[in-house]
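Below: one structure, written as structure tokens.
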There are 4 protein chains.
Amino acid sequence: MAGTKDGGGVGGATKPVAQRLLATATRLFAEQGYDRTSVQEIVDAAGVTKGALYHYFGSKDDLLHEVYGRVLRLQQERLDHFASSGAPVEQRLRDAAADVVVTTIENLDDATIFFRSMHLLSPEKDKQVRAERRRYHERFRALVEEGQRTGVFAADIPADLIVDYHFGSVHHLGTWYRADGPLTPQQVADHLAELLLRALRP
Amino acid sequence: MAGTKDGGGVGGATKPVAQRLLATATRLFAEQGYDRTSVQEIVDAAGVTKGALYHYFGSKDDLLHEVYGRVLRLQQERLDHFASSGAPVEQRLRDAAADVVVTTIENLDDATIFFRSMHLLSPEKDKQVRAERRRYHERFRALVEEGQRTGVFAADIPADLIVDYHFGSVHHLGTWYRADGPLTPQQVADHLAELLLRALRP
Amino acid sequence: MAGTKDGGGVGGATKPVAQRLLATATRLFAEQGYDRTSVQEIVDAAGVTKGALYHYFGSKDDLLHEVYGRVLRLQQERLDHFASSGAPVEQRLRDAAADVVVTTIENLDDATIFFRSMHLLSPEKDKQVRAERRRYHERFRALVEEGQRTGVFAADIPADLIVDYHFGSVHHLGTWYRADGPLTPQQVADHLAELLLRALRP
Amino acid sequence: MAGTKDGGGVGGATKPVAQRLLATATRLFAEQGYDRTSVQEIVDAAGVTKGALYHYFGSKDDLLHEVYGRVLRLQQERLDHFASSGAPVEQRLRDAAADVVVTTIENLDDATIFFRSMHLLSPEKDKQVRAERRRYHERFRALVEEGQRTGVFAADIPADLIVDYHFGSVHHLGTWYRADGPLTPQQVADHLAELLLRALRP
DNA sequence: GATGAATGAGAATTCATTCAT
DNA sequence: GATGAATGAATTCTCATTCAT
């Protein structure tokens with residue numbers, strides 16, 4: 001009764017109302033924080049009524065969960081794509097590392113919410129999100145380990161730590177990146193990937 | 001009338017009540033998030049009444065601000081210390097970079113709150129905190145720039161970005177570091193400082 | 001978001017709940033004073049919950065503002081009516097002066113609140129109410145001035161003062177008038193209008 | 001235990017602290033209203049601590065009661081003085097009517113509180129204040145009745161009503177009189193007394 | 001599908017007063 | 001005399017959610 005009802009899976013043919021609600025909620029959550037954003041604000045900003053929101057989403061928490069789902073699906077897809085190209089491991093890691101930066105900047109609201117509000121999910125949903133994040137982390141770590149095993153990367157630092165090292169910088173983007181700043185998303189991505197690769201030079 | 005009243009400046013001889021309240025609030029904010037922690041919970045856990053809390057702190061927001069003040073004062077002091085030692089710049093940067101990691105882990109509650117809740121400060125206090133963070137950032141950046149100018153560090157990546165790169169990993173510690181994990185704070189610090197220094201090798 | 005939401009404009013087809021709340025609040029404000037009347041008391045007496053009150057009124061202050069709006073609209077309408085009749089100016093002034101007395105007595109709760117609680121309105125609403133009162137005052141003064149210009153009234157006392165003189169006695173009604181006293185509202189009105197007219201005899 | 005302890009009778013040799021507290025409270029009550037003025041504000045503005053206030057006054061209500069006592073004593077004294085002069089009754093009424101206007105303007109804070117806050121007194125003190133007001137009213141009415149009996153004043157309007165008529169205008173002074181306006185207190189007083197006397201012409 | 005009035009539990013904050021020192 | 005820390009009850013207001021229409 002309180003679970004996601006429809007909410008609009010990424011590629012679904014759902015009513016634009018659900019998508020508008022989710023987009024509005026995402027913006028407001030990023031701007032004000034989840035707890036500071038009332039359901040009334042969301043529906044007012046989306047131009048619908050509360051009944052409509054509760055028609056599409058089982059609860060406010062569901063909206064947050066949708067944001068997580070969207071981010072996780074997107075990043076996992078992209079990581080899978082880059083990690084399974086036939087390129088040398090340095091290239092695959094560089095591509096994946098840079099891509100997550102670009103994608104994060106391009107969805108900075110999602111990312112801001114992602115890193116700031118995970119502790120606000122209901123325990124059940126939190127568990128689910130953690131599991132998906134772990135899967136993502138492990139795929140990324142596998143790339144690092146492959147390079148370490150094959151001698152392409154320095155092997156004296158735990159691969160887990162290296163993954164968190166890079167994701168720290170991704171996590172942090174929402175804190176400092178501004179679209180009107182001096183660097184394009186791609187430039188930031190190239191720099192950060194370069195720093196990662198240099199840090200891994202044997 | 002509504003500002004911080006006393007709250008316990010660092011070295012004061014203030015009553016234990018204010019300190020107990022702040023310690024309790026810090027723990028609860030880190031565990032549950034600021035907005036999810038009620039004033040009632042704080043005073044119950046601290047064993048006092050709401051009146052006592054409001055005797056010492058002008059508002060719930062003040063408690064949060066105190067946490068920020070404590071973190072900022074501590075980190076700035078430590079950075080100033082390491083940055084002004086007479087050692088070569090590589091050493092100074094390594095020391096400062098490792099120290100902030102250790103200090104962050106040792107005050108992980110503070111740090112968790114710091115990175116997660118800055119957007120919840122009142123605009124006025126947010127402004128003040130941002131100003132202090134900027135000062136910290138600039139001092140750290142000066143170290144990087146010094147090394148770049150003197151040819152000790154690679155100069156093809158903006159110093160600002162490098163600072164954010166490192167602080168991303170610090171920021172991220174609260175997300176993954178566990179006291180019962182395989183690495184001591186010092187080991188994490190050494191690894192992260194090593195990664196930074198390697199990334200900066202010319 | 002915090003302004004008056006509906007509250008029951010004069011001639012609307014609004015739900016009885018809002019009207020019941022306003023009537024209850026008016027009574028309690030007159031009996032106990034605005035600050036001494038809690039929102040809880042109002043909703044208990046009206047048989048609804050706080051949520052309902054805040055559904056219709058943005059704040060407790062809004063309720064007070066509604067009382068002011070109601071009084072001002074009523075008195076302005078009546079003054080406009082009497083002042084623009086074709087009668088001689090003595091008659092018009094006498095009619096208007098007597099009518100405001102009768103109307104005030106018939107809405108003595110409103111009037112009590114009006115004169116006692118204006119300083120409790122929020123600055124913004126206070127400003128608005130003052131503007132409307134000034135308009136009312138000026139219309140009344142115009143009657144006095146017309147009589148003074150045409151020699152019907154004594155002209156050696158400022159018209160403004162005369163208006164305040166009469167409204168002082170209206171203002172004061174709440175302090176002494178009792179429905180079970182010896183005089184009917186109309187008798188009081190006739191006496192007070194007579195006193196005013198006598199005072200104005202040239 | 002909660003009664004007035006000392007508070008400073010008018011001409012006493014009490015500590016200046018009590019007088020400063022009362023003066024400060026009077027100003028704040030007039031500016032903000034009794035209920036909106038906190039004990040903390042009063043002591044802050046008076047430069048003392050709460051302990052001091054509760055040393056001199058049994059309660060916040062006592063402060064209000066003191067204001068009433070001061071006003072009532074003063075006005076009763078002055079009325080007694082003017083009413084018992086040997087002058088003709090028209091002169092005695094005119095003098096008394098003008099004097100209460102001047103005295104009220106000169107103590108406008110007291111008067112503002114007087115008329116606005118009587119309903120906030122504790123029942124016991126309210127009763128006492130009402131008794132003193134009645135005494136005052138009756139003395140004033142006696143003047144009017146004397147004139148009516150002796151044919152100096154019109155007798156077709158109840159004397160009680162005439163007293164309330166005049167006191168309405170006094171009551172109202174706090175609403176409109178401004179020290180920087182065009183009329184001096186004495187001018188206002190002369191005008192209002194003149195209006196009263198004219199209204200009473202047979 | 002959609003509305004919006006109404007709920008009820010809980011939020012932060014205020015404040016007159018007391019009392020150990 | 002005077003302090004100011006502490007109390008505890010009350011205050012205004014918020015909000016996710018439900019449900020009759």
Side-chain angles (χ1 to χ4, degrees), chain A residues 1-2 5-6 15 17-18 34-44 48-63, chain B residues 1-2 5-6 14-18 21 35-43 47-63, chain C residues 1-2 5-6 14-18 21 35-43 47-63, chain D residues 1-2 5-6 15 17-18 34-44 48-63:
Chain A
M1 190 177 299
K5 285 171 182 168
D6 178 2
K15 282 259 150 46
V17 170
Y34 175 79
D35 278 325
R36 305 262 168 125
T37 302
S38 72
V39 169
Q40 190 64 57
E41 272 180 289
I42 297 168
V43 299
D44 285 352
V48 301
T49 60
K50 284 202 231 187
L53 187 150
Y54 281 96
H55 181 70
Y56 291 109
F57 300 91
S59 67
K60 187 185 170 190
D61 187 65
D62 262 19
L63 283 165
Chain B
M1 191 174 302
K5 284 166 184 174
D6 177 3
T14 18
K15 282 270 152 50
V17 171
L21 280 165
D35 278 328
R36 300 268 168 120
T37 302
S38 72
V39 169
Q40 191 63 58
E41 276 180 287
I42 297 168
V43 299
V48 299
T49 60
K50 279 196 266 201
L53 188 152
Y54 282 98
H55 184 69
Y56 291 107
F57 300 92
S59 66
K60 187 184 170 189
D61 187 66
D62 260 21
L63 282 166
Chain C
M1 191 174 303
K5 285 166 183 173
D6 176 4
T14 19
K15 282 267 151 53
V17 171
L21 280 165
D35 277 329
R36 301 269 168 120
T37 303
S38 73
V39 169
Q40 191 64 57
E41 274 179 287
I42 297 168
V43 299
V48 299
T49 60
K50 277 194 268 198
L53 188 151
Y54 283 97
H55 183 69
Y56 290 108
F57 301 92
S59 66
K60 187 185 170 188
D61 187 66
D62 260 20
L63 283 166
Chain D
M1 189 178 301
K5 285 171 181 169
D6 178 3
K15 281 261 151 43
V17 170
Y34 175 78
D35 278 327
R36 304 260 167 128
T37 302
S38 72
V39 168
Q40 190 64 57
E41 273 180 289
I42 297 168
V43 299
D44 285 351
V48 301
T49 60
K50 285 202 229 185
L53 187 150
Y54 281 96
H55 181 70
Y56 290 109
F57 300 92
S59 66
K60 186 185 169 189
D61 187 65
D62 261 21
L63 283 166

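Computed from a predicted structure; not experimentally measured. Each chain gets a letter, A, B and so on, in the order its sequence line appears, and its residues count up from 1.
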Handout entry: Secondary-structure notation, DNA chain F, from Watson-Crick and G-U pairs under 3.5 angstrom (| other strand)
Key = .||||||||||||||||||||
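- With sequence neighbours left out, the side chain to side chain donor-acceptor pair (under 3.5 Å) criterion links K60(C) to no other residue.
- In this structure, Y56(C) OH and D62(C) CG are separated by 14.5 Å, a value rounded to the nearest 0.5 Å.
- The minimum heavy-atom distance linking F57(D) with A18(D) is given by the pair CZ-O, 3.8 Å.
- Proximity of V39(D) to Y54(D): side-chain heavy atoms (C-beta onward) are separated by under 4.5 Å at one or more points.
- Closest to the V39(A) side chain, of the nucleotides dT17(F), dA12(E), dT17(E), is dT17(F).
- The separation of dT21(F) from dG1(E), taken at their P atoms, amounts to 22 Å, rounded to a whole angstrom.
- L63(B) approaches I42(B) most closely through the heavy-atom pair CD1-CD1, 4.1 Å.
- Distance, D61(C) CG to dT11(F) C1': 15 Å, rounded to whole Å.
- Nearer the 5' end of DNA chain E, as judged by each residue's closest nucleotide, is the contact made by D35(B), out of Y34(D) and D35(B).
- Remark: P of dT14(F) and NZ of K60(C) are 15 Å apart, rounded to the nearest angstrom.
- Between Q40(C) atom CD and dT12(F) atom C1' there is a gap of 11 Å when expressed in whole angstrom units.
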Pull out every protein N or O sitting under 3.5 Å from an N or O of nucleotides 7-10 of chain F, one pair per line with the distance.
{"unit_1": "dT7(F)", "atom_1": "OP2", "unit_2": "T49(B)", "atom_2": "N", "d": "3.3"}
{"unit_1": "dT7(F)", "atom_1": "OP2", "unit_2": "T49(B)", "atom_2": "OG1", "d": "2.7"}
{"unit_1": "dT7(F)", "atom_1": "O5'", "unit_2": "T49(B)", "atom_2": "OG1", "d": "3.4"}

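- Distance F57(C) CZ to dT14(F) P: 15 Å, rounded to the nearest Å.
- Note on Y54(B): every side-chain N or O is 4.0 Å or more away from OP1 and OP2 of dA6(F).
- Partners of E41(C) by side chain to side chain donor-acceptor pair (under 3.5 Å), not counting sequence neighbours, listed by chain and number: Q32(C).
- Counting only heavy atoms from C-beta outward, the side chains of V48(C) and V43(C) approach each other to under 4.5 Å.
- If you measure from atom CG of L21(C) to atom C1' of dA5(E), you get 12 Å, rounded to the nearest angstrom.
- Atom OH in Y56(B) sits roughly 18 Å away from atom C1' in dT13(E) (whole-Å rounding).
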